[in-house]
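Only one structure is covered here, and it is reproduced in the block below.
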There are 2 protein chains.
Amino acid sequence: MAFLIGQRPFIKLYILHILDQRQSYGLEMISEVKRYLKEEGYTPPQSEIYRGLNELVTAGIIETTHRIKKDHNGSTGDFQEIILYKYTIDGRQKAEMFKREVKLELDRCIGMLKQARKDNFK
Amino acid sequence: MAFLIGQRPFIKLYILHILDQRQSYGLEMISEVKRYLKEEGYTPPQSEIYRGLNELVTAGIIETTHRIKKDHNGSTGDFQEIILYKYTIDGRQKAEMFKREVKLELDRCIGMLKQARKDNFK
DNA sequence: TAATGAACACGCTGTTCATGT
DNA sequence: ACATGAACAGCGTGTTCATTA
């Protein structure tokens, strides 16, 4: 049995949470996750988002709405290509299974850390 | 900033907790830690105890009461050598600093995981 | 057998670098 | 600059193996 939950599934959870509401892309999602967790004293590295996204694609949970151009830059007229992600047809269903597993892990970890606090402090 | 607290400091915390009460040795401590955490669904590997012990020795927090013989085996008359650990002179003081740091990490992790549960479930 | 710990392999993570728009 | 992701390096961890009493 592993010690604590890994960063990967943890971030995937947030990715799915974001995609529950709307399509999004890598850097936007990492920013949002950072916003969620900044107060908790944790800043996930950029790379983790992409790793998580690729794993979710491989798992058939999400897919890439292949390259779509975004708003152009007002001054330069540049177009920025991004990769949008969204659920596959049965993706939400698969995601529920994944979420359930992660929830179990999450609760186990919380219980463990609380126990450690109880055992070793106060 | 790292993601979650590592297994090493986590176990060291329990080692110190045990040594707060009495001297002990490797396998005995790992057994006790397992007892503490079994209900939480976590079984630390044996090796981690030794790694933690060595690090605490290096840090000058504990020291080894060099090899002491233990109870003999009733039937064979064998003697088993063990390595007892205890606090150094200023070990408890140093340990307090370490514990304080770990407590901060512990609380941070709990907060983070709770936040994730709040964000992604219920 | 109990006890210690070395040694190995591997996965995860953080940083940096490369590429393209 | 923004966006993606490959590539590299290093640490932590889990398992196995070796040694000794």
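Naming convention: chains lettered A, B, ... in sequence-line order (proteins, then strands); numbering from 1 in each chain.
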- Report the nucleotide, chosen from C:dG5, D:dG14, D:dA3, that has the shortest atom-to-atom distance to any side-chain atom of A:Ile82. D:dA3
- Counting heavy atoms from C-beta on, name the nucleotide in D:dG12, D:dA3, C:dA2 closest to the side chain of B:Leu27.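 The nucleotide sitting nearest to the side chain is C:dA2.
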- Query: Of the non-hydrogen atoms in A:Ile61 and A:Lys94, which two are nearest, and what is the gap between them?
  - Reply: CG1-CB, 3.8 Å
- Determine, step by step, whether B:Arg22 and B:Glu32 satisfy the salt bridge (charged side-chain N to carboxylate O under 4.0 Å, His left out) criterion, reporting the C-alpha distance in whole Å, the side-chain angles of both residues, the deciding distance to 0.1 Å, and the verdict. CA-CA 13 Å; B:Arg22 52 182 160 63; B:Glu32 187 158 1; 2.6 Å; yes
- Residue pair A:Tyr50 / A:Glu55, side-chain donor-acceptor N/O under 3.5 Å: no
- Query: Any side-chain donor-acceptor pair under 3.5 Å between A:Tyr42 and A:Gln7?
  - Reply: yes
- Checking side chain to side chain contact (heavy atoms under 4.5 Å, CB included) for the pair A:Phe10/A:Glu105: CA distance, chi angles, key distance, verdict? CA-CA 10 Å; A:Phe10 187 87; A:Glu105 261 300 282; over 6 Å; no
- Does the side chain of B:Tyr25 get closer than 4.0 angstrom to OP1 or OP2 of C:dA3 through an N or O atom? yes
Roughly how many Å is it from [atom1] in [X] to [atom2] in [N], rounded to a whole number?
X       : N      : atom1 : atom2 : answer
A:Met29 : D:dG5  : CE    : P     : 11 Å
A:Arg8  : D:dT13 : CZ    : P     : 16 Å
A:Ile83 : D:dC2  : CD1   : C1'   : 13 Å
A:Tyr50 : D:dT4  : OH    : P     : 4 Å
B:Ile30 : C:dG5  : CD1   : P     : 13 Å
B:Ile49 : C:dA2  : CD1   : C1'   : 16 Å
A:Phe3  : C:dC10 : CZ    : P     : 24 Å
A:Phe10 : C:dG14 : CZ    : P     : 12 Å

Under 3.5 Å, which donor-acceptor pairs link side chains of residues 96-103 of chain A to any protein atom two or more places apart or in another chain?
unit_1, atom_1, unit_2, atom_2, d
A:Lys99, NZ, A:Asp20, OD2, 2.7
A:Lys103, NZ, A:Asp107, OD2, 2.7

- Please give the angle, rounded to 10 degrees, between the axes at the start and the end of the helix from C:dT1-D:dA21 to C:dT21-D:dA1, where five pairs define each axis.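 Comparing the axis at each end, I get an angle of 30°.
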- Give a yes or no on whether A:Glu39 atom CD has more than 12 heavy-atom contacts from other residues, nucleotides or ligands under 6.0 Å away. no
- Classify the ring geometry between A:Tyr14 and A:Tyr36 as parallel (under 30°), tilted (30 to 60°) or perpendicular (over 60°). tilted
- Message: Under 4.5 Å between side-chain heavy atoms, counting indirect links through other Ile/Leu/Val/Met/Phe/Trp/Tyr residues: same cluster for B:Leu37 and A:Leu104 or not?
- Response: no
Give me the distances for all protein-to-nucleotides 15-20 of chain C N/O pairs that come in under 3.5 Å?
unit_1, atom_1, unit_2, atom_2, d
C:dT15, O4, A:Ser47, OG, 3.4

